[in-house]
Enquirer: 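So that we are looking at the same thing, I have put the structure below in structure tokens.
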Amino acid sequence: MKIIGKIALGLAALTMTASAAVAQSADWQKQVARIIASKQTYPRAAQMRGEEGTARVKVYVAASGAIERTELVAPSGSSTLDKEALSTPTRAGSVPPPPGGATALVVPFTWKLL
């Protein structure tokens with residue numbers, strides 16, 4: 001019976017550790033998304049044509065925090081905005097190192113005329 005109790009405690013500790021890792025990863029993703037979003041611009045050509053939309057870009061981040069590459073996973077409907085979305089993460093340079101090593105995250109970029 002004691003062995004079962006120890007296994008249960010061990011599983012509870014693993015669950016708590018996994019929850020902390022998930023929370024840390026979510027915080028890191030929010031921080032990275034904010035850093036990248038600060039570099040987003042609205043291309044003048046797209047503004048002049050009245051182009052709006054949302055593009056989703058997968059950003060690959062090295063364990064060091066360097067942006068390795070980007071990949072368009074959902075286009076905005078405007079090639080000008082899509083090009084901007086793909087280039088924005090690289091303008092951020094590097095970001096804080098991911099808590100679990102190299103990873104990728106999907107970042108949405110939205111352009112809306114007021």
Side-chain angles (χ1 to χ4, degrees):
M1 194 66 157
K2 290 181 181 180
I3 294 174
I4 293 172
K6 288 182 181 179
I7 292 172
L9 284 174
L11 289 175
L14 281 175
T15 301
M16 289 171 53
T17 303
S19 296
V22 168
Q24 184 179 18
S25 178
D27 290 342
W28 175 83
Q29 288 182 15
K30 288 176 188 174
Q31 181 182 16
V32 169
R34 278 192 303 272
I35 291 167
I36 292 171
S38 74
K39 304 300 180 187
Q40 182 180 349
T41 63
Y42 207 137
R44 185 149 181 86
Q47 288 180 45
M48 299 301 282
R49 289 190 295 263
E51 296 176 351
E52 298 180 329
T54 298
R56 293 172 47 88
V57 174
K58 191 172 206 175
V59 180
Y60 294 86
V61 182
S64 65
I67 305 291
E68 293 185 318
R69 65 186 175 98
T70 59
E71 175 184 317
L72 187 66
V73 294
S76 67
S78 161
S79 62
T80 303
L81 297 178
D82 292 345
K83 287 176 189 172
E84 172 65 17
L86 287 167
S87 66
T88 298
T90 56
R91 286 198 300 271
S94 63
V95 296
T103 191
L105 69 151
V106 176
V107 179
F109 294 91
T110 299
W111 294 269
K112 181 124 178 99
L113 296 168
L114 300 175

Enquirer: Using every non-hydrogen atom in the two residues, find where A104 and Y60 come nearest and quote the distance to one decimal.
Expert: CB-CD2, 3.7 Å
Enquirer: Rounded to the nearest 0.5 Å, how far does CG of L72 lie from NZ of K58?
Expert: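 If we round to the nearest 0.5 Å, K58:NZ and L72:CG are 12.5 Å apart.
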Enquirer: Say you draw a straight line from NZ of K30 to CD1 of I35; how long is it, rounded to the nearest 0.5 Å?
Expert: 14.5 Å
Enquirer: Report yes or no: does E51 contribute a side-chain atom to a donor-acceptor pair with the main-chain N or O of G77 at less than 3.5 Å?
Expert: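 No.
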Enquirer: Do P96 and W28 come close enough that some side-chain heavy atom pair is under 4.5 Å?
Expert: yes
Enquirer: Using 0.5 Å steps for rounding, measure from the CE atom of M48 to the OH atom of Y42.
Expert: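 Atom-to-atom, M48:CE and Y42:OH are 12.0 Å apart.
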Enquirer: Test of understanding: with side chain to side chain donor-acceptor pair (under 3.5 Å), list the residues that count as partners of T41, not counting sequence neighbours.
Expert: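 T41 satisfies side chain to side chain donor-acceptor pair (under 3.5 Å) with E84 once adjacent residues are dropped.
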Enquirer: What do the steps show when you test F109 against L81 for side-chain contact (heavy atoms from CB on, under 4.5 Å), and what is the final call?
Expert: CA-CA 9 Å; F109 294 91; L81 297 178; over 6 Å; no
Enquirer: Any idea which heavy atoms bring P99 and S25 closest together, and the distance?
Expert: CG-CA, 4.1 Å
Enquirer: Show the nearest heavy-atom pair for residues Q40 and R91, with the distance to one decimal.
Expert: CA-NH2, 4.3 Å
Enquirer: Quick check for you: to the nearest 0.5 Å, what is the distance between I67 atom CD1 and T88 atom OG1?
Expert: 11.0 Å
Enquirer: P43 and W111: which non-hydrogen atoms are nearest, and at how many Å?
Expert: CD-NE1, 4.1 Å
Enquirer: Could you report the tightest heavy-atom contact between A66 and S94, atom names first, then the distance?
Expert: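 Of all heavy-atom pairs spanning A66 and S94, the closest is CA-CB, 4.0 Å.
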Enquirer: Might you point out which heavy atoms bring D82 and P75 nearest each other, and give the distance in Å?
Expert: OD2-CB, 3.4 Å
Enquirer: Using modelled atom types and a 3.5 Å cut-off, is there a donor and acceptor pairing between side-chain atoms of T70 and backbone atoms of L86?
Expert: yes
Enquirer: Are T80 and R49 linked by a side-chain donor-acceptor pair shorter than 3.5 Å?
Expert: yes
